Number of protein chains: 2
Amino acid sequence: MLTDRQLLILRAIVDDYIKTAQPVGSRTLSKRDDVTFSSATIRNEMADLEEMGLIEKPHTSAGRIPSELGYRFYVDHLIRPESISPQEAKALKSLFAHSVNENDRLIRHTADLLSELTHYTTLVLGPKEEGQRLHHLELIPLAEGRVVIVLVTETGHVEHKTLQLAEALSREAASRLMERLNQTLRGTPLSNLRLRLLEEIRRFRSEHSEQTSLLSKALDIVLMDQQDERPLIYLGGKANMFDQPEFQDVAKLRPVLELIEQQEALFDFLSPNLDNQILITIGSENNVDALKDCSVIRAHYSVDGVSLGTLALIGPKRMDYNRGINSIIHLLQAFQTELRKNSLD
Amino acid sequence: MLTDRQLLILRAIVDDYIKTAQPVGSRTLSKRDDVTFSSATIRNEMADLEEMGLIEKPHTSAGRIPSELGYRFYVDHLIRPESISPQEAKALKSLFAHSVNENDRLIRHTADLLSELTHYTTLVLGPKEEGQRLHHLELIPLAEGRVVIVLVTETGHVEHKTLQLAEALSREAASRLMERLNQTLRGTPLSNLRLRLLEEIRRFRSEHSEQTSLLSKALDIVLMDQQDERPLIYLGGKANMFDQPEFQDVAKLRPVLELIEQQEALFDFLSPNLDNQILITIGSENNVDALKDCSVIRAHYSVDGVSLGTLALIGPKRMDYNRGINSIIHLLQAFQTELRKNSLD
DNA sequence: ATTAGCACTCGTTAAAAGTGAGTGCTAACA
DNA sequence: TGTTAGCACTCACTTTTAACGAGTGCTAAT
């Protein structure tokens, strides 16, 4: 167990290092107002903290920096949930002053806001399809067998795909089929949609003896890779990485930026967050080599209890956890409120 | 005017420097098979070339590197339009083996291909709306006054917007209006669309005395910022920048990557290319400070004579112009062919 | 006109020396 | 017994110096 003085020192070291990016020495600490004891005492305490694995020194004659364990302890026990200042709260509210109708523009906007707020890079994992339910389906036949299919989910997410059929689909046939599909399929979870849709088309065909097998085949193909398709990941404030002193070296910067550009890898990384809490992972806790010098703050967003995606903040291990956590919590609220407005149930 | 020998030497210097990124010395050159004269002779010629401003030395005791003027001369006069090898040609054809229905996926794919082909970063300016004509318009009323509007252009570009009306639009009203709009508006250039659409809705309203003013207002707003909206810019191979020795320094890398992330700035940069040629800009010719150490190869793409957007390749001034130009020319062909397939006229 | 030879330049690398922030330990002190 | 002053020691960082060598420009011989 740590004494109060050790807690004070540890917190001071982490705070200072977060601010300056320089190893913190005993003399520096002793000059602080809230430190009443001498540098020698601090050195003794530091030795103890180091023995416990909470801090470490880059080399013999340097000050101390927090270890990963130290950051972990800091995050778990030493952060004060500083409420944001009134003017910030106000600013936050006005951020979403005009509602944004389209969910994906809203997400993009949110990613930018969060990165502006924190000066870190933001990742937003777009709504995953699985949990969502169909609200409306529209088939738009164009010339030459081209058909646009528009799919609207209950969360208000709209997307379109283009099919290419071997022969044209008449507007009437499309319209009849569509009406039928919307009647029977509204509310179907997207994860089931492909099977249900094919089934329904087959039934429709037999009932009306209409030639829709081409459509059925084309739809199948499109929905097939629809299924494999992963939610988009929106990035905000990529350039913020350049400001971090730890990433002034291209060798350090490169893997992080490269990872961030890879939708696939990021998806795997952002997806599996189980509980609804704010999740913080520090350095090696990320289990991704490229992020071994980074910390990530993640938060789930959901609407009406349906978990949709993830809001994440990425920065150096020496990131301002306090500010990051607070910003993400508050923005999460506002974001979810906006999303709620766009949903159709 | 340059002598043949000077041309040989200049080409050799540029070729060598492009390959190695190291200043080229007279001794190195004299060892080449195609160089029959001594290093001293080369030094004399180099002195002349330097006086003409075609090459320069980083410092007194270094070899020569091409100046911007030198690159310009090289690009204008010394590049041999090496046709690509048969296996490359074959590979290029198979790249688009499966047609991609959606234009924006096609564009994304193309950007990736081009960067893979060249190992440089690729920028693709998506189709600009102005020149395009309306093919089809669809209004999809959803619950609670939400209406999705789907817009298909003759080039096969599909996009959707969401409107929020104060009161619901009936499916019947939407259907009637839509039929009318499609009859009268097909072929309208998107640049006119907003005005024509409003006009048409007004006329429709007076004829049918239907309450569509809300719709009209909402549509106006959406189309208004549709007009301001700029084509997306697709990027490929951003990570390739990291491989260039000239960008190993964060200070050099940062402005380039930052610029690339800024849609606005890039748009201004990529847009004004007047003729249908391949355009190469070197260093300061880019008129953009962030690109003062970069060269850009740009090519227009168009379908049926309608210029749609720009395909661009960005790399260090020391980029492999030969390969870059050839790749972009050949990919441009294939890309346009695919685009053509997707168009609906 | 071409080339061999040579003194000279200057960036690069390596080694050497000096600097200073910070530490650990010890002994004195409250 | 906990705290502090003092001091020797460590080691990254900076500066200095020296050696190195690729490359140049000039000159004189071919």
Side-chain angles (χ1 to χ4, degrees), chain A residues 1-10 12-17 19-32 34-67 70 245-246 248-249 252, chain B residues 1-10 12-17 19-32 34-67 70 245-246 248-249 252:
Chain A
M1 205 39 213
L2 295 181
T3 65
D4 281 353
R5 194 164 67 190
Q6 286 173 326
L7 291 177
L8 173 65
I9 291 176
L10 178 56
I13 290 174
V14 180
D15 281 340
D16 215 72
Y17 187 63
K19 209 179 296 171
T20 65
Q22 295 298 323
V24 187
S26 54
R27 227 179 99 73
T28 316
L29 281 187
S30 71
K31 284 194 204 127
R32 289 173 60 120
D34 55 349
V35 170
T36 54
F37 30 91
S38 78
S39 65
T41 309
I42 295 173
R43 283 200 288 280
N44 288 330
E45 297 287 26
M46 279 174 156
D48 291 348
L49 288 172
E50 186 170 2
E51 208 167 311
M52 288 183 255
L54 293 169
I55 56 179
E56 56 197 25
K57 32 184 180 188
H59 57 86
T60 328
S61 66
R64 303 304 213 289
I65 63 177
S67 66
E246 29 270 280
Q248 286 313 298
D249 181 10
K252 290 267 186 230
Chain B
M1 207 39 215
L2 295 180
T3 66
D4 281 353
R5 194 165 66 190
Q6 286 173 326
L7 290 177
L8 174 65
I9 290 175
L10 179 56
I13 290 174
V14 180
D15 281 340
D16 214 72
Y17 187 62
K19 208 180 295 170
T20 66
Q22 295 298 322
V24 188
S26 55
R27 227 180 100 73
T28 317
L29 281 189
S30 71
K31 285 193 203 126
R32 288 173 60 119
D34 54 350
V35 170
T36 54
F37 30 91
S38 80
S39 64
T41 308
I42 295 173
R43 282 200 288 280
N44 288 330
E45 297 286 28
M46 278 175 158
D48 291 348
L49 288 172
E50 185 170 1
E51 208 168 307
M52 288 183 257
L54 293 168
I55 57 178
E56 56 196 27
K57 32 185 180 185
H59 57 86
T60 327
S61 65
R64 303 303 212 289
I65 63 176
S67 67
E246 30 270 280
Q248 286 313 298
D249 180 10
K252 290 266 185 235

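In what follows, every heavy atom counts, from backbone to side chain, and hydrogens, waters and symmetry copies are set aside. Within every chain, numbering begins at 1; the chains are lettered A, B, ... in the order of the sequence lines, protein sequences first and strands thereafter. Note that this is a predicted model, so its numbers are computed, not measured.
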*Contact boundaries of DNA chain C with chain A (under 4.0 Å, heavy atoms), 5' to 3'?*
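Here the contact window of chain A covers C:dA21 to C:dG24.
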[atom1]/[X] to [atom2]/[Y] distance, rounded to the nearest 0.5 angstrom?
X: A:Asp15; Y: A:Arg32; atom1: CG; atom2: CZ; result: 6.5 Å
X: B:Asp16; Y: B:Ile65; atom1: CG; atom2: CD1; result: 13.0 Å
X: B:Ile42; Y: B:Arg5; atom1: CD1; atom2: CZ; result: 9.0 Å
X: B:Thr41; Y: B:Met46; atom1: OG1; atom2: CE; result: 11.5 Å
X: B:Asn44; Y: B:Leu49; atom1: CG; atom2: CG; result: 11.0 Å

*Is A:Leu2 close to A:Leu54 at the side-chain level, that is, under 4.5 Å between some pair of heavy atoms?*
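Side-chain contact under 4.5 Å: yes.
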*Is there a side-chain contact between B:Asp4 and B:Leu8 (heavy atoms, below 4.5 Å)?*
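A side-chain contact under 4.5 Å is absent here.
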_Let's see if you get this right: which residues in residues 41-48 of chain B place a heavy atom under 4.0 Å from DNA chain C?_
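Within this stretch, B:Thr41, B:Arg43, B:Asn44 sit under 4.0 Å of the strand.
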*Kindly state which residues belonging to residues 53-66 of chain B come within less than 4.0 angstrom of DNA chain C, counting heavy atoms of the residue only, listed by number.*
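Those residues are B:His59, B:Thr60, B:Ser61.
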_What is the distance, to the nearest angstrom, from the NZ atom on A:Lys31 to the P atom on D:dT4?_
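Rounded to the whole Å, the gap is 16 Å.
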*Within this structure, what is the CZ-to-P distance between A:Arg27 and D:dT4, rounded to whole angstrom?*
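In whole Å, D:dT4 P lies 15 Å from A:Arg27 CZ.
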*Between B:Ser26 and B:Arg43, is there a donor-acceptor pair closer than 3.5 Å when you use the side chain of the first and the backbone of the second?*
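Between the backbone of B:Arg43 and the side chain of B:Ser26 there is no qualifying donor-acceptor contact (under 3.5 Å).
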*With A:Ile55 as reference, evaluate A:Asp48, A:Ile9, A:Val24, A:Ile13 under the side-chain contact (heavy atoms from CB on, under 4.5 Å) test and give the passing residue.*
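In the set A:Asp48, A:Ile9, A:Val24, A:Ile13, the residue that makes a side-chain contact (heavy atoms from CB on, under 4.5 Å) with A:Ile55 is A:Ile13.
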_For A:Ala40 and B:Ser38, find the nucleotide of DNA chain C closest to each by heavy atoms; which residue's nucleotide sits nearer the 5' end?_
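Looking at DNA chain C, the more 5' nearest nucleotide goes with B:Ser38.
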*Cationic N near anionic O, under 4.0 Å, B:Glu50 to B:Arg64*: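 Yes.
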